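Below, chains carry the letters A, B, ... as their sequence lines are ordered, and counting in each starts from 1. This is a predicted model, so every value here is computed, not measured.
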Amino acid sequence: MDVSHLIDSLNDAQREAVCASPGHYLVLAGAGSGKTRVLTHRIGWLNQVERVPTWAILAVTFTNKAAGEMRARLDNLIQGGTQGLTVGTFHGIAHRLLRRHWREAGLPESFQILDADDQQRMVKRIVAGLGLDEARFPPRQAAWQINSWKDEGKRPENIEAGQHPVTRTLVQIYQAYEDACRRAGLVDFAELLLRAHELWLKQPAVLEHYQQRWRYLLIDEFQDTNSLQYAWIRVLAGRTGQTFVVGDDDQAIYGWRGAKVENVQQFLRDFPGARTIKLEQNYRSTSTILKAANSVIERNGHRLGKQLWTAGEEGERIAVYAAYNEQDEARFVIERIREYVAEHGDAKDCAILYRSNAQSRNFEEQLIQHDIPYRVYGGLRFFDRAEIKDALSYLRLTANRHDDAAFERAVNTPPRGIGDRTLDVLRRRARGESLSMWEAALNELAMGTELAGRAKNAVKGFLAMIDEMARTFSPSPLRGEGWGEGSILPEALAPNSPSPNPLPGGERASNSEALSLAEQIEHAVTQTGLRDFYENDSRGNAESRVENLDELVNVASRFELTPDDIEAGLSELSAFLSHAALEAGEGQGESWDNCVQLMTLHSAKGLEFPLVFLVGLEEGLFPSQRSVEDEGRLEEERRLAYVGITRARKRLFITHAESRRMHGTEMLSRPSRFLGEVPPSLLDEVRPRVQVSRPLYAGRFAEPAPSLQEDLPVKLGQRVSHPSFGEGVVVSAEGSGAHTRLQINFENAGSKWLVAAYAKLTPL
DNA sequence: ACACTATGAGTTTTT
DNA sequence: CTCATAGTGT
C-alpha cells in the first residue's frame with residue numbers, strides 16, 4: 001500500500017515521531033511545529049502500516065473542538081475510514097464508560113451531568129443547609145476545593161483534615177454534597193473522571209477489557225493533564241498499552257486549575273523506555289518573532305528545553321507602543337488594524353490578545369466607533385444561557401424527578417408563587433429525611449403541616465405539571481426502576497391518571513404517540529409558560545432569549561444519536577442532555593464573518609493570526625499582581641507570554657499603557673518585565689504621537705488639583721488608606737504638583753504606583 | 001413575591 | 001468603574 005501521503009510532507013523529527021517503532025513516546029512539540037499533523041499521521045501510520053485496527057486506538061484531547069478537528073483530519077487521511085476509532089475528550093470518554101457500566105460504577109442508569117454552574121448552586125445550598133456562614137465558606141471556594149480534591153483522586157474519607165477546623169468543615173461540605181449528588185443521580189465533571197478511574201480500580205474485569213481493546217493511547221496537550229487524568233492514563237495503559245503523548249511544557253498555562261506540568265517529566269520516569277522527540281522547527285512565525293519567544297521563555301527554569309527555529313523569513317521587527325492610557329492604547333491598535341484592512345483586506349487576520357477579559361471593553365468601544373466588525377471569544381456559550389438551562393431543567397425533571405438541581409431551577413421559573421419560604425420548608429424536609437426535593441414535596445403535600453394553602457396549591461400544581469408533561473412525552477410508561485419515572489403523584493393529585501400499566505419484560509417504549517425530542521422541548525417551553533415569561537421580560541433582551549429558545553428546538557430537531565450512544569443504551573433525551581452539559585456549544589454568534597478577533601491569551605492557545613496585538617504588557621496586569629510574588633506562578637505567566645508571542649505569523653505589536661483605570665482608580669504601571677526580556681534589537685519602539693495625545697493628557701492634569709492634594713503632604717513613610725487597596729506606606733514619589741506619583745506598599749494589595757491627584761488617599 | 005438599593009468583589013477556563 | 005448578589009422595603 002502507498003503510504004507516502006503519511007510521511008512525504010514531514011520533516012525529520014516529525015517523521016521520526018510518526019514512524020516510531022513500538023514503545024512509549026513523549027513528543028515535545030513547540031508552538032507551530034506541526035503537532036496535530038504528527039498526531040494524526042501517527043494514527044494513520046499505526047493503522048495503515050502497523051496494521052493496528054482502528055478500534056484499538058484511543059486519542060484523547062481536552063476540548064471538543066480539538067477532538068472534532070482531529071477527527072476531521074483523520075477522515076481525510078485514512079482510507080477505509082475511521083470507523084471504530086475513539087477520539088474524544090477525557091470527560092467524553094469517561095462519560096461513555098460510565099453509561100456503559102453504570103451498574104458497576106454504582107450509578108443510576110439515568111444519571112445526569114451537573115455543569116459547573118449547577119454544581120456551584122448545589123454547593124451553595126449545602127453550605128446553607130449545614131447552617132454555615134457563607135462569608136466564611138464561600139460556595140465558590142468550597143466547590144473549587146471539592147473539585148481539587150476530586151482531581152487528586154480524593155474522597156472525603158481519604159482527606160487528612162487533622163485538627164484544622166476549616167478543612168474539617170470543607171470535608172463535611174464535600175461529604176454532604178456527595179450525598180446530595182447521589183440522591184439526585186447527578187455527576188459533576190470531576191466526578192466523571194474520578195468515577196471512571198475508580199471503576200477501573202474496583203472492577204478488574206472492566207479494566208482488563210479496555211486495556212485489551214485500547215492498546216494504543218495518544219494524548220494531546222499532555223502538559224495540561226491533572227493528577228487524575230495522568231493516573232487514568234497510567235491505569236489504562238497498564239503493562240501492555242503503548243502511549244504516545246504530545247505536549248509542550250513551555251505552553252503549560254493551566255496550573256491554576258490543577259494541571260501538572262510535572263506530569264511531562266513524570267511520564268519519562270513512569271513509562272519504561274519512554275523516548276523523547278522534540279519538534280523545534282516552526283512553520284508559523286517569522287524568525288524575529290521566534291527569537292523573541294525563545295529569549296522570553298529561556299528565563300524559566302526546569303524546562304525540558306527547546307529552541308524554535310524557522311527556515312522562513314526574518315520578517316519585520318516587533319512594534320512596541322507605549323500608550324498614555326488604555327484609550328490611547330486602543331486607538332493605536334485600531335488604527336493599525338484600519339491601515340492593514342485598507343491595504344490588504346482581512347479584519348479576521350487581526351487578533352487582539354489580552355490578559356484579562358475586562359480589557360476587551362476599550363477595544364470594543366473603539367471598534368464599534370469605527371464600524372469594524374469584531375468577535376469576542378469566550379462569552380456565554382449556548383447551553384450555558386439561563387433560558388436554555390431553564391428549558392432543559394424541565395426535561396431533566398421528566399427524566400429524573402430526583403434531579404434537585406433541575407428542581408430548584410424549574411420550580412419557580414417562570415414565577416409560580418413558590419418562593420424561598422416555601423422552598424425552605426421543602427429543603428429542610430429533604431435534608432432531614434435524606435430525600436430529594438421531589439420526594440420532600442410529595443411528603444409535605446401528603447402529610448406536612450408547614451405549608452399554607454396557597455403555597456401548597458402552587459407546589460401541587462408544579463408536581464402535577466411535571467408528571468403531566470412526562471406522560472405526554474411518552475404515553476406508555478417506560479420501565480419502573482424508580483429513578484427515571486420515579487414518582488407518580490398520589491391518585492388524588494394526578495389528574496386523569498390512568499392506573500400504571502407497565503409493559504411486560506421491561507421493553508423500551510417506542511410508542512408511536514411519543515413526542516420527538518424537538519416536540520418535547522417545544523412542549524416544555526410553551527406549556528410551562530417559559531416562552532411567555534421571556535417574551536414579557538422587562539430587561540430588554542427578551543427578543544434574543546426567545547430566539548434562543550426557538551433555536552434550542554432547532555438544535556434538538558437536528559440532534560441524532562450516535563452509534564456510541566445507542567451502544568451505551570442512551571435514550572434520545574438522555575443523550576441530548578449529556579451533550580448539552582459536555583459540549584456547551586460555540587460562543588455567541590459563530591459568524592464566520594470577517595471579524596477582528598478579541599480574546600484572552602488563554603483562549604488563544606492553539607490559534608494563529610497573521611497580525612497579533614499583545615496588549616496591556618504592564619507589571620501588575622501581565623504578569624498579574626497575584627503572580628509576581630510566587631516564582632512558579634510567575635513562570636506560568638511567562639509561558640503565557642510565550643504563548644501570546646507565538647500566535648503571530650507575520651507581525652507582532654506589543655502595547656502597554658502608562659496609566660490605566662483599574663477597579664475605578666487610575667493606576668500607573670511600568671512596562672512588563674516580559675517586554676524587557678525581548679532583545680531590544682528585535683523591537684521597534686513607536687513614539688506616541690504627541691500632537692494628538694498630548695492635549696488630552698495635559699488637559700486632564702491641568703484641571704484644578706483635587707483638594708486632597710493639599711492636605712496630603714507627601715512624606716515618605718506616611719501611612720495612608722485607600723478605598724480599595726486598604727492601608728499601606730508611601731515608599732517613594734516622583735514628579736511634582738498634579739503630576740506627583742506615589743509608590744505605596746499596601747499591606748494586602750502589594751506595591752502600586754498611583755497618581756496622587758486621583759487616588760483617593762487618606763493619611764493615617 | 002417582587003422591585004429596588006446597597007454592598008462587595010474584580011486573573012486566566014474546559015469539561 | 002462595573003457587575004453580581006444580598007438585603008431591604010412595599
Side-chain angles (χ1 to χ4, degrees), chain A residues 60-67 88-95 113-121 124 128 134-135 138-141 144 147 150-151 187-193 221 224-226 228-229 252-259 326 353-359 361-362 377-381 383-384 412 414-423 454-455 458 538-539 578-585 587 599-606 616 620-628 633 636-637 639-641 643-644 660-667 723-725 749 758 760:
Chain A
V60 190
T61 63
F62 273 85
T63 64
N64 294 300
K65 193 174 159 215
T89 64
F90 277 103
H91 297 268
I93 292 159
H95 172 241
I113 300 167
L114 201 63
D115 69 26
D117 184 56
D118 284 348
Q119 181 191 35
Q120 211 163 292
R121 289 164 190 272
K124 190 179 168 145
E134 289 195 24
R140 232 183 102 75
Q141 274 177 41
W144 183 86
N147 288 333
K150 289 190 179 186
D151 288 345
V187 171
D188 63 45
F189 289 127
E191 185 77 21
L192 286 171
L193 298 177
E221 303 280 19
D224 289 337
T225 49
N226 63 31
L228 184 52
Q229 288 158 338
I253 55 175
Y254 287 111
W256 52 272
R257 66 175 199 210
E326 68 271 29
L353 309 184
Y354 37 78
R355 178 65 238 269
S356 78
N357 286 306
Q359 288 169 259
R361 205 192 167 88
N362 278 298
Y377 276 65
L380 258 194
R381 276 139 345 141
F383 286 108
D384 286 337
N412 206 32
R416 44 176 74 88
I418 304 174
D420 253 340
R421 241 184 67 78
T422 307
L423 284 175
R454 202 172 46 184
S538 54
R539 286 160 304 200
S578 302
H579 170 86
L582 285 173
E583 303 188 31
M599 68 192 84
T600 63
L601 287 154
H602 283 90
S603 19
K605 193 171 76 148
L621 182 60
F622 185 32
S624 85
Q625 189 61 53
R626 297 166 115 132
S627 310
V628 286
R633 301 181 78 186
E636 185 155 302
E637 295 280 304
R639 292 193 288 267
L640 200 50
V643 166
R660 180 185 298 275
R661 214 177 169 79
M662 280 179 88
H663 310 323
T665 40
E666 205 76 26
M667 293 264 314
S724 45
F725 299 133
Y758 284 92
K760 296 174 191 106

Sugar-phosphate only, base, or nothing, as touched by A:Ile418 at under 4.0 Å among non-hydrogen atoms: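 Since only primed, P, OP1 and OP2 atoms lie under 4.0 Å of A:Ile418, the category is sugar-phosphate.
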Minimum heavy-atom distance A:Leu582-A:Asn64, with the two atoms named: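 Where A:Leu582 meets A:Asn64 most closely, the heavy atoms are O-ND2, 3.0 Å.
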Spacing of A:Leu621 atom CG relative to C:dC1 atom P, expressed in whole Å: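 Nearest whole value for this atom pair: 19 Å.
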Results of side-chain contact (heavy atoms from CB on, under 4.5 Å) for [X] - residues two or more places apart only:
X        : value
A:Ser578 : A:His95, A:Arg99, A:Gln112, A:Ile113
A:Arg121 : A:Asp117, A:Asp118, A:Arg125, A:Arg409
A:Ala67  : A:Thr61, A:Val87
A:Gln625 : A:Val628, A:Glu629, A:Lys752

Chi-based syn or anti call at B:dT12, which uses purine or pyrimidine torsion atoms and a 90° bound: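 In terms of base orientation relative to the sugar, B:dT12 is anti.
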Mind checking what makes ring pair (Phe, Tyr, Trp, His ring centres under 6.0 Å) contact with [X], not counting sequence neighbours?
X        : result
A:Tyr254 : A:Trp256, A:His602
A:Trp144 : none
A:Phe622 : A:Phe674

Pairwise P distance for B:dT12 and C:dT5, with rounding to whole Å: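 Each nucleotide's P atom is 16 Å from the other's.
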Euclidean distance for P, B:dT13 against C:dA4 (whole angstrom):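 Comparing P positions in B:dT13 and C:dA4 gives a spacing of 16 Å.
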Which atom pairs link the protein and nucleotides 2-10 of chain C when you take only N or O atoms and keep those under 3.5 Å?
residue: C:dA6; atom: OP1; partner: A:Lys124; partner atom: NZ; Å: 2.5

Protein-to-nucleotide contact annotation, 5' to 3' order, nucleotides 9-15 of chain B [B base; S sugar-phosphate only; - none; under 4.0 Å, heavy atom]: -BBBBBB
